[in-house]
Amino acid sequence: MEKVYRVQINNNGMPNFSTAKELTGEWELRIIDDDSCKWTRKRYYCSACGSWQTYGKTDYCPDCGAKMKGEEDEIN
């Protein structure tokens, strides 16, 4: 899979590639409660773009392409 980068735009509206940083994020498990319907659901939320993933954690966000950090990336 290709890497996705975030770059800043200069005053002329052109990308400034010297500011490129690889887009990364983390999956955040969130519980959605709806008292009116009496259901509870678990969803994963992308910290990079705010999209919801229903089918579990993946290595990349399917919406923004960010490389998602996992437990193996954590430093103890």
Side-chain angles (χ1 to χ4, degrees):
M1 177 168 256
E2 298 177 7
K3 292 184 179 182
V4 176
Y5 292 89
R6 178 173 287 162
V7 297
Q8 295 178 352
I9 303 297
N10 66 19
N11 294 338
N12 297 326
M14 300 297 293
N16 180 357
F17 293 109
S18 66
T19 63
K21 293 182 182 175
E22 185 177 4
L23 186 59
T24 59
E26 295 182 39
W27 290 120
E28 300 171 8
L29 180 61
R30 296 197 178 174
I31 308 298
I32 303 169
D33 286 325
D34 187 348
D35 292 331
S36 64
C37 296
K38 304 293 185 211
W39 55 262
T40 301
R41 296 184 188 218
K42 295 180 181 179
R43 298 285 190 260
Y44 289 98
Y45 175 82
C46 174
S47 64
C49 71
S51 70
W52 296 93
Q53 176 73 343
T54 306
Y55 302 106
K57 298 187 283 186
T58 56
D59 292 338
Y60 292 87
C61 176
D63 290 328
C64 69
K67 181 172 176 24
M68 305 309 275
K69 295 179 186 176
E71 289 87 21
E72 64 276 357
D73 297 324
E74 309 252 337
I75 298 172
N76 295 330

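- The heavy-atom pair separating C49 from C61 by the smallest distance is SG-SG, 3.8 Å.
- Judged by distance alone, the side chain of N12 and the main-chain N or O of M14 form no donor-acceptor pair under 3.5 Å.
- A donor-acceptor pair under 3.5 Å is absent between the side-chain atoms of S51 and the main chain of D63, judged by distance alone.
- You'll find the side chain of M68 stays beyond 4.5 Å of the side chain of K57, heavy atoms only.
- Minimum heavy-atom separation, P15 to V7: CB-CG2, 3.8 Å.
- Taking the six-membered ring for Trp and the full ring otherwise, the centers of Y45 and W52 sit less than 6.0 Å from each other.
- Between W27 and T58 there is a side-chain heavy-atom pair separated by less than 4.5 Å.
- The distance from atom CG of N10 to atom OG of S18, rounded to the nearest 0.5 Å, is 9.5 Å.
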